[in-house]
Every structure is written in C-alpha cells, then in structure tokens.
Amino acid sequence: SQLLSEIKQALINNEFVLHYQPKVNLRTRKVIGVEALIRWHHKTEGFINPEEFIAIAEDTGLIYDIGDFVLSKAIQDILNVNEEHNLSIHLSVNISPHQFVKEEFVGKIRTIMENHQLPSNFLTLEVTEGIAIENLNDTIEKLENLKHVGVRVSLDDFGTGYSSLSHLKRLPINELKIDKSFVFDVLDDPQDAL
C-alpha cells in the first residue's frame with residue numbers, strides 16, 4: 001500500500017519524532033518521569049494517527065524497526081536531559097505485542113541496558129493487558145527476567161481485555177494503568193463510581 005512505502009521512507013528519512021508526556025509527583029510537583037510517544041507529521045497529509053501507522057507496522061513487521069528507533073532515541077534523549085540538568089528522570093516506553101513475544105526480546109533489552117549503562121529502574125516498559133494474558137507462563141518468565149535486568153514493567157490499558165485479578169496477582173509488574181473507560185464517568189455514573 002501507499003502508506004506502507006511511506007512508513008518505510010519515514011524511517012529512512014527520520015520523519016518520526018518523539019514527544020514526551022511528563023509524569024509528575026503530585027506532592028512535590030516535580031517531573032519524575034516521561035512516557036515516550038511516537039508521532040508522525042506527514043509532509044503532505046499532515047498528522048497521521050499513531051494507531052493507523054502502528055497497525056500497518058505491526059502487520060508488516062516494520063514495528064521492530066520502529067520499536068528499536070523509539071527505544072534508542074528515547075533513552076538517548078532522556079539520558080542527555082538528565083546529564084545536562086543533573087536530573088534523574090525515568091523513561092517509559094510502550095512495547096508492541098509483536099516485540100514482546102519475540103524470543104530474543106529480553107536479551108535485546110539486556111543488551112540495551114548494558115550498552116547505555118542504564119541504572120536500575122530507569123526504564124519502564126509498558127505492555128498491554130492482552131499481551132500479558134495471551135501466554136501467561138511465558139509472560140511471567142519474561143517479566144521476571146526483565147525485573148532481574150533492572151527494568152520496571154507497567155501493565156497498560158487494564159480492564160479492556162478479559163484478564164482477571166487472579167491473573168494480575170501472578171504477574172510481576174510494578175505499576176498498573178487502568179483504562180480510561182473505567183473512570184471516564186466516575187462522577188456521573190453510579191456504576192463507574194463503584
């Protein structure tokens with residue numbers, strides 16, 4: 001498709017950019033971390049929704065190149081900010097299910113941690129609930145191995161799939177991000193307030 005060849009070209013031409021959504025400590029009001037978000041401003045079409053180009057990238061295998069770009073660029077950016085401003089901001093990066101299920105995924109993350117000499121807990125990988133429960137035993141093993149490498153894991157979009165609290169108890173995760181659909185009408189809908 002046309003968009004597929006343009007995604008390939010965008011990777012070659014460095015057209016993808018990262019935006020950083022801050023995580024703020026409410027007590028101190030200081031930025032303690034950021035989440036890397038990939039964006040693409042197409043030269044003729046303007047802003048392309050990430051859901052659109054990520055879906056194509058996942059279907060075609062380009063997600064591995066995009067994922068490598070995001071990890072590498074985000075780590076370098078945040079390390080530079082931390083060094084220049086004497087900060088210790090942590091980084092969160094979303095991981096595609098296609099990246100996570102690869103056999104060499106944990107080894108790749110270990111290599112990244114070693115090559116950049118990243119401190120423990122600097123990097124949080126965000127995985128979706130769907131990844132976590134698809135192959136529970138494999139997921140638990142990978143998450144345990146990531147923990148040993150010094151990587152934190154966040155379970156994203158919790159509540160959109162079919163996982164149960166019993167599955168959740170078995171997962172060695174550091175944080176849980178509840179899907180917005182759970183809290184969207186919390187002030188107006190008695191069911192959501194529960």
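Note that these values count all heavy atoms, side chains included, but never hydrogens, waters or copies made by symmetry. Everything quoted here is computed from the prediction, not taken from an experiment.
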**Prompt:** Taking side chain as C-beta onward, heavy atoms only, is Ile32 less than 4.5 Å from Val24?
**Reply:** no
**Message:** Between His42 and Thr44, is there a side-chain donor-acceptor contact under 3.5 Å, judged purely by atom types and distance?
**Reply:** yes
**Item:** Cationic tip of Lys102 above Tyr64 ring, under 6.0 Å, 45° of axis
**Value:** yes
**Asked** Partners of Asn13 by side chain to side chain contact (heavy atoms under 4.5 Å, CB included), sequence neighbours excluded?
**Response** Gln9, Glu15
**Message:** Assigning hydrophobic clusters by single linkage (Ile, Leu, Val, Met, Phe, Trp, Tyr; side-chain heavy-atom cutoff under 4.5 Å), is Leu18 placed with Leu87?
**Reply:** yes
**Item:** Approximate separation, where rounding is to 0.5 Å, of Gln21 CD and Ser92 OG
**Value:** 9.5 Å
**Asked** To the nearest 0.5 Å, what is the distance between CD (Glu141) and CG (Asn145)?
**Response** 5.5 Å
**Asked** Measuring from His85:NE2 to Asn80:CG, what's the distance to the nearest 0.5 Å?
**Response** 9.5 Å
**Prompt:** Taking all non-hydrogen atoms of both residues, which atom of Ala57 and which atom of Ile66 are closest, and how far apart?
**Reply:** CB-CD1, 3.6 Å
**Request:** Apply side-chain contact (heavy atoms from CB on, under 4.5 Å) to the pair Ile38 and Phe69, showing each step before the final yes or no.
**Result:** CA-CA 10 Å; Ile38 190 167; Phe69 161 76; 4.3 Å; yes
**Under 3.5 Å: donor-acceptor pair, side chain of Thr111, backbone of Gly107** = yes
**Asked** Is it true that a side-chain atom of Asn25 and a backbone atom of Lys30 form a donor plus acceptor pair closer than 3.5 Å?
**Response** no
**Prompt:** What residues form a side chain to side chain contact (heavy atoms under 4.5 Å, CB included) with Arg110, not counting sequence neighbours?
**Reply:** Val106, Glu114, Val149
**Message:** Between Ser5 and Gln2 (side chain of the first, backbone of the second, donor and acceptor by atom type, cut-off under 3.5 Å), is there such a pair?
**Reply:** yes
**Any side-chain heavy-atom pair of Val93 and Ile75 under 4.5 Å** = no
**Message:** Using the rule that Ile, Leu, Val, Met, Phe, Trp and Tyr join whenever any side-chain heavy atoms are under 4.5 Å apart, tell me whether Ile89 and Leu123 fall into a single cluster.
**Reply:** yes
**Request:** Evaluate side-chain contact (heavy atoms from CB on, under 4.5 Å) for Val81 paired with Tyr20, printing each intermediate quantity in order.
**Result:** CA-CA 12 Å; Val81 166; Tyr20 295 98; over 6 Å; no
**Message:** For Ser96, is there any backbone N or O sitting under 3.5 Å from a side-chain donor or acceptor partner on Gln99?
**Reply:** yes
**Request:** Please report the closest heavy-atom contact between Val34 and Pro22, naming both atoms and the distance.
**Result:** CG1-CA, 4.1 Å
**Request:** Show the numbers, then the answer: is there a side-chain contact (heavy atoms from CB on, under 4.5 Å) between Thr60 and Lys8?
**Result:** CA-CA 11 Å; Thr60 59; Lys8 289 178 183 174; over 6 Å; no
**Asked** Which distance, rounded to the nearest 0.5 Å, do you find between the CG of Asp77 and the CG of Asn82?
**Response** 11.0 Å
**Asked** What is the minimum heavy-atom distance between Ser120 and Gly150, and which atoms define it?
**Response** OG-CA, 3.5 Å
**Asked** Can you tell me if His90 uses its side chain to pair, donor with acceptor, with the backbone of Asn121 under 3.5 Å?
**Response** yes
**Message:** Below 30° counts as parallel, above 60° as perpendicular, anything between as tilted: where do the rings of Phe53 and Trp40 land?
**Reply:** perpendicular
**Co-membership, hydrophobic cluster, residues Leu37 and Ile48, 4.5 Å side-chain** = no
**Prompt:** How about Val151 and Thr124: do any of their side-chain heavy atoms sit closer than 4.5 Å?
**Reply:** no
**Request:** Please answer: with hydrophobic residues joined when any side-chain heavy atoms are less than 4.5 Å apart, are Leu79 and Val17 in the same cluster?
**Result:** no
**Gap separating the CD atom of Glu51 from the CD1 atom of Ile56, nearest 0.5 angstrom** = 12.5 Å
**Asked** Looking at CD of Glu126 and CG of Asn94, how far apart are the two atoms once the value is rounded to the nearest 0.5 Å?
**Response** 4.5 Å
**Message:** What verdict does the side-chain contact (heavy atoms from CB on, under 4.5 Å) test give for Phe16 and Ile7, after you've listed the backbone C-alpha separation in whole Å, the side-chain angles of each residue and the deciding distance to 0.1 Å?
**Reply:** CA-CA 9 Å; Phe16 292 111; Ile7 293 169; 4.1 Å; yes
**Prompt:** Does the side chain of Glu52 come within less than 4.5 Å of Leu3's, by heavy atoms?
**Reply:** yes
**Request:** Is it possible for you to say whether Phe122 and Val31 belong to one hydrophobic cluster, with membership spreading through side-chain heavy-atom contacts below 4.5 Å?
**Result:** yes
